[in-house]
Amino acid sequence: NIYDARLMRYGQPRQTEVLHILVREPFDLRQFVKPDDWQRPHVIQVLKLNQILHIPTGLYVYQQMHSNFWRTDNTRLAKFSLTSNDSCGNTYKEARRGGEVFTYQWHTYWDGMAAGSQKVKLPPNGFFYDELPLRVRTIDFSKPSGDFQIQLAPSIINSKTDNLVWKPARVHYESTDRAIYVTIESDLGTDRFMLDRDFPHLLRQWESADGSQLPFTRSLKIDYWSY
């Protein structure tokens, strides 16, 4: 899915193209990567979402990709990772799930944040902010409208280490003949999503809490690895 986005950086909206690539693939629970041999033990299926951002900011540019990996058997997030280059330096972050605890590691170019690791416990009904582009599409829309509560942690799409604290957020959705509107209110602000009314509820518009705008341009269903 391709978005003609305006992403906030340094207090200004920056025009750019954002790609969301969603694919099902095998996942090795021992290595937490895609295996070459799909038939080996400990291999499951996951849905992977890559969010690819290329954001000019004056003389230099942010180049970032965030990846989520959800198990298809229980929809739980198994892993996330981030690469971030902003022309000043490189950052890498990764979290792997074990039960209800994520082992979160980071390597950044910032003073005092060169490298580290911590155990992060996921609360009941807890989600990471960067899961939202797919998670909002998986809500049960069998009723015309609804409200429910979740626990939400902030985005990790940045070059520094993070304070992963979950706080309450309210989710509200309303359906019309053509679209579904999802609003998420949290201490981060208000996120607004517009989805297609029919499955698979394509994300048509995202107005994020920080003021960024991601209007939909087009969607391609392709074997992208062949191109």
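Given the structure is predicted, the values throughout are model-derived calculations rather than measurements.
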Please check if the number of heavy atoms outside Y224 that lie under 6.0 Å from its OH is greater than 12.
yes

For this output row, return yes or no: ring centroids of Y173 and Y181 closer than 6.0 angstrom.
no

With a 4.0 Å cut-off on N to O distance, would you call R30 and D28 a salt bridge?
no

Among residues at least two apart in sequence or on other chains, which ones pass side-chain contact (heavy atoms from CB on, under 4.5 Å) with Q39?
D37

Considering only heavy atoms from C-beta outward, does the side chain of T183 approach that of F193 to under 4.5 Å?
no

Using the rule given for side-chain contact (heavy atoms from CB on, under 4.5 Å), can you reason through T103 versus S117, listing the C-alpha separation, both sets of side-chain angles and the distance that settles it, and then say yes or no?
CA-CA 7 Å; T103 300; S117 176; 4.0 Å; yes

Worked check of side chain to side chain donor-acceptor pair (under 3.5 Å) between N158 and D162:
CA-CA 9 Å; N158 61 79; D162 306 283; 3.0 Å; yes

Would I21 end up clustered with L47 when hydrophobic side chains under 4.5 Å apart are linked, directly or stepwise?
no

So, R137 side chain and P200 main chain: donor-acceptor pair closer than 3.5 Å or not?
yes

Check: D86/Y109 side-chain N/O donor and acceptor closer than 3.5 Å:
yes

Under the side chain to side chain donor-acceptor pair (under 3.5 Å) definition, can you give me all pairs with a residue in residues 6-18, not counting sequence neighbours?
D4-Q15, R9-Q64, Y10-Y60, Y10-Y62

Q45 backbone acceptor or donor facing T72 side chain under 3.5 Å
yes

Distance to the ring centre below 6.0 angstrom and angle to the axis at most 45 degrees; does that hold for K79 and F32?
no

Separation between CG (L49) and CG (N68), nearest 0.5 Å, reads 6.0 Å

Worked verdict on T91 versus W106 for side chain to side chain donor-acceptor pair (under 3.5 Å):
CA-CA 8 Å; T91 287; W106 62 88; over 6 Å; no

Co-membership, hydrophobic cluster, residues I150 and W206, 4.5 Å side-chain:
yes

Keeping the roles fixed (side chain from R170, backbone from H172), state whether a donor-acceptor pair exists under 3.5 Å.
no

Membership question, hydrophobic clusters at under 4.5 Å side-chain separation (ILVMFWY): are I52 and L220 in the same one?
yes

More than 12 heavy atoms of other residues, nucleotides or ligands under 6.0 Å from CG of D36: is that the case?
no

Report yes if some heavy atom in the side chain of H20 is under 4.5 Å from a heavy atom in the side chain of N50; otherwise report no.
no

Answer yes or no: is there a donor N or O on one side and an acceptor on the other, between the side chain of K167 and the main chain of L152, under 3.5 Å?
no

Could you walk me through whether T190 and I184 pass the side-chain contact (heavy atoms from CB on, under 4.5 Å) check?
CA-CA 6 Å; T190 301; I184 300 179; over 6 Å; no

Are there more than 12 heavy atoms of other residues, nucleotides or ligands under 6.0 Å from atom CZ of R40?
yes

Heavy-atom pair with the smallest gap, counting every atom of P215 and A5:
CD-CA, 4.2 Å

Could you walk me through whether K48 and S67 pass side chain to side chain donor-acceptor pair (under 3.5 Å), step by step?
CA-CA 7 Å; K48 178 179 73 175; S67 298; over 6 Å; no

Taking the side chain as everything from C-beta on, heavy atoms only, tell me whether L195 gets closer than 4.5 Å to V182.
yes

Are I156 and L164 close enough, and set up right, to give a side-chain contact (heavy atoms from CB on, under 4.5 Å), and what steps lead you there?
CA-CA 9 Å; I156 71 150; L164 294 179; 3.9 Å; yes

Salt-bridge test for D196 and R204: reply yes if a basic N is under 4.0 Å from a carboxylate O, no otherwise.
yes

Do you know the tightest heavy-atom contact between P168 and Q151?
N-OE1, 3.5 Å

Is there a path of hydrophobic side-chain contacts, each under 4.5 Å between heavy atoms, that joins L19 and L214?
no

Side chain to side chain donor-acceptor pair (under 3.5 Å) evaluation trace for E131 with W70:
CA-CA 10 Å; E131 294 185 76; W70 297 276; 2.7 Å; yes

Tell me yes or no: between the side chains of S155 and D130, is some donor less than 3.5 Å from an acceptor?
yes

H54 side chain near V61 side chain, heavy-atom distance below 4.5 Å
yes

Taking atom types as modelled and ignoring hydrogens, do the side chains of Q105 and H107 form a donor-acceptor contact shorter than 3.5 angstrom?
no

Hey, does Y129 have a side-chain heavy atom less than 4.5 Å from the side chain of I157?
no

Measure centre to centre between the rings of W166 and F128, then say whether the value is under 6.0 Å.
yes

Are the side chains of S81 and H66 in contact, using a 4.5 Å heavy-atom criterion?
no

Taking the side chain as C-beta and beyond, is there a heavy-atom pair between L29 and V43 under 4.5 Å?
no

Could you check K34 against F27 for side-chain contact (heavy atoms from CB on, under 4.5 Å), going step by step and ending with a plain yes or no?
CA-CA 5 Å; K34 180 181 179 180; F27 187 81; over 6 Å; no

Could you tell me whether a side-chain N or O of D191 sits under 3.5 Å from a main-chain N or O of A209, the two making a donor and an acceptor?
yes

Look at the side-chain heavy atoms of Ile, Leu, Val, Met, Phe, Trp and Tyr, link any pair under 4.5 Å apart, and say whether L122 and F69 land in one connected group.
no

Would a 4.5 Å heavy-atom cut-off, applied to side chains only, mark Q205 and F216 as touching?
no

